[in-house]
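To keep things clear, I will list the structure first and then write my remarks on it.
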Amino acid sequence: MALLVQKYGGSSLGTLERIKHVAGKILTAKQQGHQVVVVVSAMQGETDRLIQLCNNLTTDPNPREYDILVATGEQVSMSLLAIALNAKECPARSYTGPQIGVQTDSVHTQARILNVKTETILNDLAEGYVVIIAGFQGVNERGDTTTLGRGGSDTTAVAIAAALNAEECQIYTDVEGVFTTDPRVVPHASLLPQISFEEMLEMASLGAKVLQMRSVELACKHNLPIRVLSTFSNHPGTLVTFEDKIMQRRLVSGIAFSREEAIIAINGVPNRAGIEGQILGLVSDANIEIDMIAQNATDKDSNDFTFTLHRKDFPKTLKIVQQFAEELGASVKSNTKVAKLSLVGIGMRSHSGVASKMFQALGGEGINIQMITTSEIKISVVIDEESLERGVHAVHTAFELDKIPSEKKHSLMEA
Ligand code: ADP
Ligand code: ASP
Ligand code: MG
């Protein structure tokens, strides 16, 4: 008998038929003698719908009220799943995050989990119940509901699995695991049987939304493997684990991408000490995070200073930058139709030639690289958004990522 912590995502719970299907899977695990704790997302599209309702009223909602609103999606799916299980004669109880005791800090809309109470969960399990918990939400010191950022149910599941000392955290989703890139963009992408925490962390932070970045961070910290697998097949999926447990050594593991980028360039910035700090200081004072930065000298008196950021922050940032550039006598150029493409792999640490091969693949497609950053295990480039899918395909083929052996070829669920 094992203690299973399973998380089901929005598409796995998107209709009543799917909720019944998930209830059937849980019942089977229960009949095999396992104890089951389930974390749920809201039904597919529900969180977006709630956010849209709010946006129709204001673009600047009170964060406390926003969190109370968007946390309701998970409350619907958790109770429907419990009702579906009860209808199959399987005892189940559902709880909101605050009810069960998912304690967080007070950073509304992006809260971090501080502690998870296990008493109610353990008591219910001992009495033979399946325990269903709303993901994505917790409670702060004041007793206010908080939410954990988009995709946050993954992090709830990991925090609960860690608190219960489960052997692994199972994330059930609409694809069969973690692929070399988003299988919706490259249908012949390979399913990775295993991936290291470090690579998964990069993939998630660079746009692969299959796992929330914080869930990977938390799992790594607690020494807890994550298994990503499909709700709709019996494939063992992908194990996210420590590097020394990876059986298959690869040069690169995957390509992540993000369409949500924007680029701002200030041309003719006077060449004097401290000016870069001044520009970025103004931006960070407005709580805006920037991503890549590049600076090159145009002549001995001035520089071009360029940076990228999330597209949602673009209008606010442009205003700040334009005002400052005017004071400096510099000019500003910007583009919101850019995307970031990143190649990730721990093999890059010990092999050279990865960057040149990647750039040649993009160049071969006539794709112009506007900016580059690298770290020990990743290379990111900014390119035109319209070239993104072509770029992903070209780099995927150049590194033969469609040829990674796996036990079975994947199938995409009909969404
Ligand atoms: P859930 O609702 O189950 O949380 P998400 O939509 O958050 O599901 O995450 C699953 C989706 O992540 C997949 O449908 C797929 O399109 C996308 N995805 C992006 N990159 C990858 C990748 N490298 N491997 C697998 N899925 C990926
Ligand atoms: N329902 C939330 C979202 O759509 C949380 C999640 O799905 O993990 O972001
Ligand atoms: Mg998700």
Side-chain angles (χ1 to χ4, degrees), residues 6-14 18 22 39-52 66-67 69-78 97 109-111 133-138 146-159 170-193 195 199-216 226 228-232 235 237-238 240 252-259 341-345 389 392 396 401-402 404 406 410-415:
Q6 304 185 330
K7 176 252 168 176
Y8 290 91
S11 50
S12 306
L13 301 164
R18 288 186 182 177
V22 169
V39 173
V40 293
S41 292
M43 292 170 81
Q44 189 169 31
E46 183 57 13
T47 309
D48 288 340
R49 189 185 73 85
L50 295 166
I51 294 171
Q52 193 54 50
Y66 173 95
D67 273 352
L69 172 70
V70 297
T72 59
E74 273 70 11
Q75 206 166 323
V76 173
S77 50
M78 74 180 202
T109 79
Q110 285 293 338
I133 299 164
F136 178 55
Q137 54 184 266
T146 54
T147 63
L148 311 178
R150 297 305 305 266
S153 300
D154 298 335
T155 305
T156 308
V158 168
Q170 301 181 335
I171 304 282
Y172 281 91
T173 185
D174 57 359
V175 289
E176 278 181 335
V178 179
F179 286 79
T180 44
T181 192
D182 189 339
R184 294 189 193 282
V185 170
V186 180
H188 52 275
S190 306
L191 176 63
L192 298 168
I195 185 170
E199 287 170 315
M200 193 62 238
L201 203 57
E202 289 283 8
M203 293 276 282
S205 75
L206 295 166
K209 70 169 187 167
V210 60
L211 286 176
Q212 197 198 36
M213 189 180 87
R214 281 185 182 174
S215 70
V216 186
I226 300 178
V228 180
L229 64 180
S230 167
T231 305
F232 306 97
H235 196 282
T238 301
V240 186
V252 295
S253 285
I255 300 168
F257 53 85
S258 155
R259 293 187 173 88
L341 186 162
S342 308
L343 185 62
V344 174
E389 295 207 1
V392 173
H396 200 268
L401 289 175
D402 47 348
I404 291 182
S406 71
H410 73 278
S411 62
L412 264 183
M413 191 200 70
E414 288 303 310

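The model shown is predicted, which means the values in this text are computed figures rather than measured ones. Counting starts at 1 for both ligands and their atoms, following the listed order.
- The shortest N or O to N or O distance between F179 and ligand 1 is under 3.5 Å.
- Residue-level proximity to ligand 1 for K7 is carried by the side chain, the only part with a heavy atom below 4.0 angstrom.
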For M213 and L201, run side-chain contact (heavy atoms from CB on, under 4.5 Å): C-alpha distance rounded to whole Å, both residues' side-chain angles, the deciding distance at 0.1 Å, then the answer. CA-CA 6 Å; M213 189 180 87; L201 203 57; 3.9 Å; yes
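- Against a heavy-atom cut-off of under 4.0 Å, R184 is close to the following atoms of ligand 1: 14 (O), 16 (O).
- For a threshold of 3.5 Å applied to N or O pairs, the pair formed by M203 and ligand 1 contains no separation below that value.
- An N or O contact shorter than 3.5 Å is missing between T180 and ligand 1 by distance.
- In P183, the part holding a heavy atom less than 4.0 Å from any atom of ligand 1 is the side chain.
- Contacts with ligand 1 closer than 4.0 Å are made by side-chain heavy atoms of V175 only, the backbone lying farther away.
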List the steps, then state whether side-chain contact (heavy atoms from CB on, under 4.5 Å) holds for Q44 with S12. CA-CA 8 Å; Q44 189 169 31; S12 306; over 6 Å; no
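- Taking 4.0 Å as the cut-off, S41 does not count as a neighbour of ligand 1 on heavy-atom distance.
- Within the listing of ligand 1, atoms 24 (N) sit less than 4.0 angstrom from a heavy atom of V178.
- Side-chain contact between Y172 and V22 is absent, with no heavy-atom pair separated by less than 4.5 Å.
- Contacts between D154 and ligand 1, counted as non-hydrogen atom pairs separated by less than 4.0 Å, are absent for every part of the residue.
- At a 4.0 Å heavy-atom cut-off, the residues surrounding ligand 2 are S41, A42, T47, E74, F136, R150, G151, G152, S153, listed by chain and number.
- Which parts of ligand 1 touch T173 is read off a 4.0 Å heavy-atom cut-off, strictly below it: atoms 1 (P), 3 (O), 8 (O), 10 (C).
- T180 pairs in a side-chain contact (heavy atoms from CB on, under 4.5 Å) with only one of the listed residues (I195, L192, I255, D402), which is L192.
- Using a 4.5 Å cut-off on side-chain heavy atoms (C-beta onward), T47 and R150 make contact.
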Test log, rule side-chain hydrogen bond (donor to acceptor under 3.5 Å, both in side chains), inputs D154 and S215: CA-CA 6 Å; D154 298 335; S215 70; 4.7 Å; no
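- Heavy atoms from both the backbone and the side chain of K209 come within less than 4.0 Å of ligand 1.
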May I have the step-by-step check of side-chain contact (heavy atoms from CB on, under 4.5 Å) for L229 and Q170, ending in yes or no? CA-CA 7 Å; L229 64 180; Q170 301 181 335; 4.1 Å; yes
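- At least one side-chain heavy atom of V228 sits less than 4.5 Å from a side-chain heavy atom of L211.
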Before you tell me yes or no, could you show the steps for T173 and T231 under side-chain contact (heavy atoms from CB on, under 4.5 Å), namely the whole-Å CA-CA distance, both residues' side-chain angles and the distance that decides it to 0.1 Å? CA-CA 6 Å; T173 185; T231 305; 5.7 Å; no
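- If you check each of A208, G177, S230 against atom 25 (C) of ligand 1, the one with the closest non-hydrogen atom is G177.
- With T155 as reference, Q212 is the one residue of Q212, K7, R214 to meet the side chain to side chain donor-acceptor pair (under 3.5 Å) rule.
- Taking a cutoff of 4.0 Å between a charged side-chain nitrogen and a carboxylate oxygen, E389 and R184 do not qualify as a salt bridge.
- In this structure, the side chains of S153 and Y8 stay at 4.5 Å or more apart for every pair of heavy atoms.
- With ligand atoms numbered from 1 in the order given, ligand 1 contributes 2 (O) to contacts under 4.0 Å with heavy atoms of S11.
- In summary, of the residues considered (E199, E202, M200), a side-chain contact (heavy atoms from CB on, under 4.5 Å) with S253 occurs for E199 alone.
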